[in-house]
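What you see is a predicted model; the values in this text were computed from it and never measured. Here is how names work: the chains are called A, B, and so on, in the same order as the sequence lines, proteins then strands, and each is numbered from 1.
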Protein chains: 2
Amino acid sequence: MNGKAATRGEAHLSTRTRLERGRTALGPALELVHTGRAPTRAVLTAELGVTRATAGAVAAELEALGLISVDAKPSAAAGSQGRPSHRLSVAGAGPVALAAQVHADGFRAALVGLGGRIVATAPGCETIDADPAQVLGSVIEAGAQLLRETGRRCVGAGLAVPSAVAEPEGTALNPLHLAWPAGAQVREIFANCVRDAGIEGPAFTGNDVNLAALAEHRHGAGRGARDLLCVATGHRGVGGALVLDGRLHTGSSGLALEVGHLTVHPEGRPCYCGSRGCLDVETDPMALLAAVGVEPSPEGLLVQARRLVAEERADPAVRTAVEALIDRLGLGLAGLVNILNPDRIILGGLHRALLEADPERLRAVVADRSLWGRSGGVPILACTLDHNSLVGAAELAWQPVLDDPLGALG
Amino acid sequence: MNGKAATRGEAHLSTRTRLERGRTALGPALELVHTGRAPTRAVLTAELGVTRATAGAVAAELEALGLISVDAKPSAAAGSQGRPSHRLSVAGAGPVALAAQVHADGFRAALVGLGGRIVATAPGCETIDADPAQVLGSVIEAGAQLLRETGRRCVGAGLAVPSAVAEPEGTALNPLHLAWPAGAQVREIFANCVRDAGIEGPAFTGNDVNLAALAEHRHGAGRGARDLLCVATGHRGVGGALVLDGRLHTGSSGLALEVGHLTVHPEGRPCYCGSRGCLDVETDPMALLAAVGVEPSPEGLLVQARRLVAEERADPAVRTAVEALIDRLGLGLAGLVNILNPDRIILGGLHRALLEADPERLRAVVADRSLWGRSGGVPILACTLDHNSLVGAAELAWQPVLDDPLGALG
DNA sequence: TTAGTTTGTTTAGTAGCGGCACAAAGTCAG
DNA sequence: CTGACTTTGTGCCGCTACTAAACAAACTAA
């Protein structure tokens, strides 16, 4: 009868009024250490808003679970009075999450510990099969190999795909660059691969830009932001992501931040969506190559476009094209700012290169065309994390542990 | 020292990792009754995910606080077995929130009980002074009069203004229709008026469309939606609002959902923002009058535009104009759907009239131009609540009680 | 040394909830 | 009308995660 009640409880946990299980200080405490916001028990106490007794007990329990470590010797505090603190840090040899990423050029697998630390990486494959089950089977096999080599405990697996992932089905809606069928059941296929490989823990799947945003929010340029907007280009097309209050906002069916078809140039090129001048066809790598009149080479559109941006000072024609892209990106960002009012924007891929080519120009366009309550305009920053999609995929797998460490590991 | 710790705690409650105070079943339970989702203790038990014992105790405590009432006699359950439930309802003579609204035509004050019930209304003033302090003083005086007449306890006051309200300053950024100075410190002025009138409880201020969305989410057409988008026109201009997980999303500086300058007609009329074809100048009442070639009359733009829409079947020219507005509204909504992926859209003001004039056309445009994972497209509904901004203003004042009934009232 | 400051720990107490047994109030079958 | 069944509500006990407060530890400053 206990089981019955529990299942019924799970059945309709739709309303957020439901009390969450495992809502102790353990999860928040782990999250603070995980994101580097709790270097000592003293600040842990302050950040959690609990007593020193509780913070101490919580730290001890997390250490017993093998998730964090407390320095034996107090660290010499420079110029501060009082008893020095013992340093808290993520456990060196603790459990890891299995992170996987699939993209146009192949796939990659890695083990990621708490704190977003990449512990081990598998040499990624350079080509990609048209069959999702084949690809995901291979990437999981590479991950399983890493787990065997390192002997680490696994908390779960996460996969980043370059496509919108529909909720709640977990299907890849537009895996354009993978030659995968649209609507492939990636979440289910990945979960099956993980299970078949004998890997412990649950499996998760998400869009790569979403996961990059999550990673940047926790360990990169987005740290401390409350409403973080991330916009990035890959090889083709534009992706967006939004992190609100530390959680990804994927919308009701996983399709939020499909920003590719914002109009940024009314007289612009026709887009496959039927409109013209969409952000997608105006600011992606192909758009730059087309504007400059360069033929795509085999090295890859993104690499090629990035080199063009880097050369913009030398060639006036390139400079003009880059400025046009910056202006249109700025218009798109301004539109997003007026809708979402983020407190920080992070750019990746070609957009990052555009930002770095002329930060002032981009910031000026955004400021000119958007409402912003405070002075100085929205901060616009570049990504700072290597392999942020991979780290983000690991975040998905870590999430249950962060929410309820005892429930997930005990 | 307790006080010291508490103040320090309040000081930096930025991180969401902080454990919230008063996180018991009391608040969620009250919210369920408040939103009509807990008609009996049995469903309260199920919705909270607690035991019957707890739900019973919680209901008893809320009743003791004078917030809800439990029927003495069980209500005859139609066609169900087992012991019949006692009905839970919002207390008839419980506390109220003081709700105030300012708009172009004057102001209004009301007392609103739990469940969004308007308990008493003051006859609104029909003109409005150019000085915010004067106006807010008058509206609060009217509210205070209502409180004296009814003798009800007051939990706080809320104000709805037709302007974006900047956070955290609480200034009205664009009170265009009020002849108020831009940047007026409405929140502070309102709070002072409330305090000076000797009214108990905290004072809150918000944008009228935001508050309308909040009210519709809790008591109207938005009930049960997780990601609710609300778009409405008043007399001039377009306003938007987003309710996520039951909370208003106002963005980092209160300026989210400033959707007026989405481009919906690249060859359209120039907008004061510098662009052309903005949602604002293409779908507001003035846009319709201009398209039909009707001069504004003294009765008010919104009333006039609504009548035009109602007459659209009779006059082909009006019909054409209305269809153009519908198409452009649809484009704007589609853009928002691609960014926010809401699970429901609610329209108010002229937009509501446009929806009701030709629901199929609007739904078709939105479905055609937006991504949506499930079949049937995003549900688009009309507002259902009278005075939803007023009720929403009251929701602001009720929020502390809903979060922690004991802390706010005990 | 001694006082002051900050950190960590110990112990005792408490609020809020789960588990369980039982009571209450209806329906249904005969 | 009488039990059997079903569902709702209550009383009691105990557990868990916390707080409060006193104390101990480890440093700086004079």
Side-chain angles (χ1 to χ4, degrees), chain A residues 1-6 8-9 18-29 38-63 70-88 404-407 410, chain B residues 1-6 8-9 18-29 38-63 70-88 404-407 410:
Chain A
M1 49 202 81
N2 186 352
K4 184 182 164 189
R8 188 195 277 186
R18 147 148 299 115
L19 301 175
E20 293 128 51
R21 293 188 312 173
R23 173 123 191 105
T24 76
L26 224 58
T40 69
R41 271 178 289 205
V43 323
L44 183 63
T45 303
E47 287 292 316
L48 287 176
V50 297
T51 59
R52 285 199 298 271
T54 306
V58 160
E61 189 155 8
L62 289 176
E63 195 179 20
V70 184
D71 278 12
K73 303 269 176 189
S75 54
S80 75
Q81 299 189 57
R83 174 175 172 175
S85 289
H86 300 242
R87 178 152 291 274
L88 298 182
D404 180 11
L406 255 181
Chain B
M1 49 203 76
N2 186 350
K4 183 182 165 191
R8 188 195 276 186
R18 147 148 298 115
L19 300 176
E20 292 129 49
R21 294 187 313 173
R23 175 121 189 104
T24 77
L26 223 60
T40 68
R41 271 178 287 206
V43 321
L44 182 63
T45 303
E47 288 292 316
L48 287 176
V50 297
T51 59
R52 285 198 298 270
T54 306
V58 161
E61 189 154 10
L62 289 177
E63 196 178 21
V70 184
D71 279 12
K73 304 271 177 186
S75 55
S80 75
Q81 297 188 54
R83 175 174 171 175
S85 290
H86 299 242
R87 178 152 291 274
L88 298 183
D404 181 11
L406 257 181

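Across the helix from C/dT1-D/dA30 to C/dG30-D/dC1, the helix axis at one end is tilted relative to the axis at the other end by 10° (nearest 10 degrees, each axis from five pairs).
Here the P atom of nucleotide D/dA25 and the NZ atom of A/Lys73 are 16 Å apart, to the nearest Å. Atom CG of B/Leu26 and atom P of C/dA15 are 14 Å apart (whole Å). Whole-Å rounding puts the B/Arg87 CZ to C/dG26 P distance at 15 Å. D/dC27 atom C1' lies 17 Å from atom CG of A/Asp71, rounded to whole Å.
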Taking only N/O atoms, report every protein-nucleotides 6-8 of chain D pair under 3.5 Å with atom names and distance.
{"unit_1": "D/dT7", "atom_1": "O2", "unit_2": "B/Arg83", "atom_2": "N", "d": "3.0"}
{"unit_1": "D/dT8", "atom_1": "O4'", "unit_2": "B/Arg83", "atom_2": "O", "d": "3.3"}
{"unit_1": "D/dT8", "atom_1": "O2", "unit_2": "B/Arg83", "atom_2": "NH1", "d": "3.0"}

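Looking at residues two or more places apart in sequence or on another chain, you find no side-chain hydrogen bond (donor to acceptor under 3.5 Å, both in side chains) involving B/Thr40. In this structure, the side-chain contact (heavy atoms from CB on, under 4.5 Å) partners of A/Arg87, at least two apart in sequence or on a different chain, are A/Pro39, A/Asp71, A/Ser75. By the side-chain contact (heavy atoms from CB on, under 4.5 Å) test, B/Arg83 pairs with B/His86, sequence neighbours left out.
Minimum interatomic distance between A/Val43 and A/Ala38 (heavy atoms only, all atoms of both residues): CG2-CA, 3.5 Å. The two residues B/Gly56 and B/Arg41 have their closest heavy-atom pair at CA-CD, 4.1 Å. Closest approach of A/Val50 and A/Thr45 over heavy atoms only: O-CG2, 3.2 Å.
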- Task: Please lay out, stage by stage, how B/Thr54 and B/Leu48 fare under the test side chain to side chain contact (heavy atoms under 4.5 Å, CB included).
- Result: CA-CA 10 Å; B/Thr54 306; B/Leu48 287 176; over 6 Å; no
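Rounded to the nearest 0.5 Å, atoms CG (B/Leu88) and CG (B/Leu62) are 9.0 Å apart.
When the side-chain nitrogen and oxygen atoms of B/Thr51 are compared with OP1 and OP2 of C/dG19, none of them lie within a distance under 4.0 Å. OP1 or OP2 of D/dT19 sits under 4.0 Å from a side-chain N or O of A/Thr54.
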